[in-house]
Amino acid sequence: MSFLIDNFVELTVTGLVLGAVYGLVALGYTLVYGVLQLINFAHSEVWMFGSFAAVWVTVALGVAPGSALPVVIGVLLLALLAAMTVSGGVALLLERVAYRRLIRLDAPKLVALISAIGASFALAEIMGLRDRVAGWFGLRDTLDPYVRSARDNTRFQNPLETEGVFTVGGYTVSNVDIIIIVSAILMMVALDQFIRRTRTGRGIRAVAQDSEAAALMGVNRNRIIRATFLVGGIMAGAAALLYLMRFGVTRWNAGFLLGVKAFTAAVLGGIGNVRGALLGGFILGLAENYGSALIGSEWRDVVAFLLLVVILLFRPTGLLGESLGRARA
Amino acid sequence: MTEGKASPDTEPASARSMAWGPRLGWDRGALARRVTALPRPVKWALIGLVVVLLYALPLLEIPIVSTPDTDFGGVLFTVASYVLVALGLNIVLGYAGLLDLGYVGFYAIGAYTVAVLGSLQAQLSWWLLIPLAVVLTTISGILLGAPTLRVRGDYLAIVTLGFGEIIRLTALNTEWLGAAKGITGVPRPPSVELFEVPHLKWEGATAVVDLDDTTRFLFFGVADQTPYYWLTLTVIFLVLGADRMLRLSRIGRGWEATREDEDAAELMGVPTFKFKLLAFACGAFIGGLSGALFASRQGFINPESFLLLLSILFVAAVVVGGAGNRWGVILGAVVVAYLPERFRGFEEWRLLVFGLALLLLANFRPQGLIPPRRAKRAQAVDEQLEALEEGTARA
């Protein structure tokens with residue numbers, strides 16, 4: 001108990017940082033669920049691919065920590081762009097390969113889940129075997145810095161040095177902490193506005209409410225579904241870079257647990273609810289941190305799942321309710 | 001329905017509804033009819049033949065089927081325990097339509113009961129441990145189901161997923177349950193050594209009885225896993241019998257009604273909550289039994305044996321085979337358990353291939369390898385309705 005009180009600020013800040021990442025990944029689950037009522041199981045792999053794209057950009061540019069600020073910002077922006085592009089691309093690929101046919105056939109949801117599970121396995125394994133795949137094309141030596149030790153942790157060399165900005169309650173909040181929390185909130189606001197104000201956003205809401213009626217009103221359902229996957233993927237790419245800036249390591253199978261947590265966050269906030277995703281992420285991150293401070297860090301995941309079970313028992317549709325379609329314009 | 005929309009209006013509805021058999025090159029309906037039309041003694045003889053063949057499978061070492069890289073008896077045991085688990089999950093997922101992503105939790109409770117009470121904290125007899133494991137798992141199924149079954153659909157999936165993880169993490173973090181290092185010396189079934197059965201050895205197309213390679217009948221040791229396979233196979237037959245009786249009873253119809261339309265079922269006087277809870281308990285029963293058998297075969301368990309991935313594989317087995325059809329589910333379990341073992345030689349690639357196979361199966365056989373008969377009937381009715389609606393629209 002005293003540990004919790006002594007480190008309250010630190011636990012809160014790191015909880016919010018973790019929660020921001022959960023929230024951004026949760027968006028992908030929530031958007032796809034809102035539109036299609038499907039659990040996009042492979043979304044964690046979308047995030048994983050984005051994280052590797054970010055790592056590869058920094059490897060390719062090879063910027064040492066402590067470079068001039070404009071260079072650092074440039075590299076980070078490039079990494080962000082790469083992560084968003086790759087994640088968005090993988091999300092679109094996923095829609096094409098794992099979902100489109102099943103959506104057209106109006107297959108049972110469970111089958112789409114199995115299809116997504118298969119895609120998730122395949123994507124993770126391809127990343128874990130990337131050295132072999134490069135070998136097929138005789139590129140193994142050329143690409144060595146990108147594909148070596150494919151089954152182990154891949155480190156991210158953060159070009160931005162972590163610096164303390166201000167100290168509260170014995171914890172020095174770093175620039176990275178601030179960047180992560182602020183950019184997550186900014187992105188969430190931007191997405192919320194996108195859904196509320198743009199033509200595509202209106203289309204997403206319309207399909208989420210009633211896809212047949214939307215189609216009758218001239219909404220191109222397939223285009224909206226693609227847009228939904230793309231937006232979710234882009235958010236996951238951003239989350240990947242933010243995650244790497246704080247935690248510094250990714251690997252081929254890192255997506256799985258993060259994906260489960262992010263999905264939990266989405267359900268906590270009310271799946272299908274865009275604002276709920278970030279709220280659920282923050283609550284989950286904080287609860288994990290406080291809980292592990294109280295009863296030991298090895299119980300971290302147990303706390304997360306217990307929280308989920310308890311919330312669902314008392315509020316079966318999540319904290320903010322499921323309402324992508326009902327978000328007011 | 002799924003087939004119909006793929007090829008709209010090219011064939012009459014009746015031809016489309018029968019499209020399952022000819023796709024594989026034969027009409028399954030005709031074969032099934034021919035088998036059912038056989039006189040009763042012939043039918044029983046056929047069933048007997050299949051049963052004998054199944055028991056003899058590990059001894060025959062048939063060239064292409066047998067696994068060159070691992071002990072075939074062990075592989076068959078793995079396949080059989082997947083089949084058992086899939087039969088249990090089929091009750092929850094296929095009959096009652098509840099998506100349970102934490103089924104491995106029940107498997108783990110069964111295994112841990114045997115291990116903890118048989119080796120770590122007490123030394124109970126194996127004959128006592130198995131019923132105890134099953135009872136404890138069933139109780140845990142009811143305890144989990146009572147609060148969570150009021151939650152619908154996808155939330156249930158995530159709650160059960162959380163349950164599976166909680167069970168594993170609790171085992172991982174509790175010293176009393178062996179923590180991360182696991183539990184060794186799990187009791188094996190008591191052996192009754194009667195005689196030795198020789199295996200076959202194949203030289204080209206001719207089989208030779210190999211007297212050096214024998215299985216001691218009902219000796220439950222470490223090396224030869226064939227007796228465990230026989231034990232599990234026997235359990236599977238018992239479970240299949242019970243499954244058939246349940247399915248054909250009032251309970252089975254209750255599950256079906258609940259799955260198809262919960263509100264309508266409730267209005268018709270079906271106590272849906274009770275039936276869902278019963279399905280959960282039945283599923284937990286079989287899952288626990290399977291876990292207990294797994295632990296007593298393995299002799300050693302640790303939390304690593306009960307990863308979330310296993311739950312997902314179980315669900316994949318049921319859905320790939322055809323949720324709701326017990327033969328389909330068995331086939332699905334065989335596919336999911338056997339293929340990775342058979343191709344262990346390609347160690348690195350097997351999960352990739354497995355993922356792609358799941359993807360292809362889901363996309364091109366969306367109702368499973370052997371869909372339940374009811375699904376096919378519903379499909380035919382849907383198509384007739386569609387044809388009728390289109391007819392009136394045109395008129």
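Here is how names work: the chains are called A, B, and so on, in the same order as the sequence lines, proteins then strands, and each is numbered from 1.
Considering only heavy-atom pairs separated by less than 4.5 Å from chain A, the leading option among Ile312(B), Ile166(B), Leu359(B), Asn173(B) is Asn173(B). Among Val309(A), Leu102(A), Leu123(A), Val97(A), the residue making the largest number of heavy-atom pairs under 4.5 Å with chain B is Leu102(A).
Leu306(A) touches chain B through backbone and side chain together, each having a heavy atom under 4.5 Å away. When heavy atoms are compared at a cutoff of 4.5 Å, Arg151(A) approaches chain B solely by way of its side chain, counted from C-beta outward. Contact of Leu361(B) with chain A is not made at all, since no heavy-atom distance falls under 4.5 Å. With a 4.5 Å cut-off on non-hydrogen atoms, Tyr99(A) does not touch chain B at all.
The CD atom of Glu298(A) sits 10.0 Å away from the CG atom of Leu169(B) when rounded to the nearest 0.5 Å. Interatomic distance, Ile117(A) CD1 to Leu101(B) CG, rounded to the nearest 0.5 Å: 6.5 Å.
By the 4.5 Å heavy-atom criterion applied to side chains, Phe256(A) and Leu308(B) are counted as neighbours.
Across all non-hydrogen atoms, the minimal contact from Asn363(B) to Arg101(A) is O-NE, 2.6 Å.
Partners of Leu360(B) under the side chain to side chain contact (heavy atoms under 4.5 Å, CB included) rule, at least two apart in sequence or in another chain, are Phe364(B). Among residues two or more places apart in sequence or in another chain, the side chain to side chain contact (heavy atoms under 4.5 Å, CB included) test is passed with Ala362(B) by Val111(A), Ile114(A), Ser115(A).
Each of Leu356(B), Val353(B), Leu352(B) was checked for a side chain to side chain contact (heavy atoms under 4.5 Å, CB included) with Glu125(A), and the lone residue meeting it is Leu352(B).
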Please test Phe305(A) against Val159(B) for side chain to side chain contact (heavy atoms under 4.5 Å, CB included), starting from the C-alpha separation and ending with a verdict. CA-CA 8 Å; Phe305(A) 290 124; Val159(B) 168; over 6 Å; no

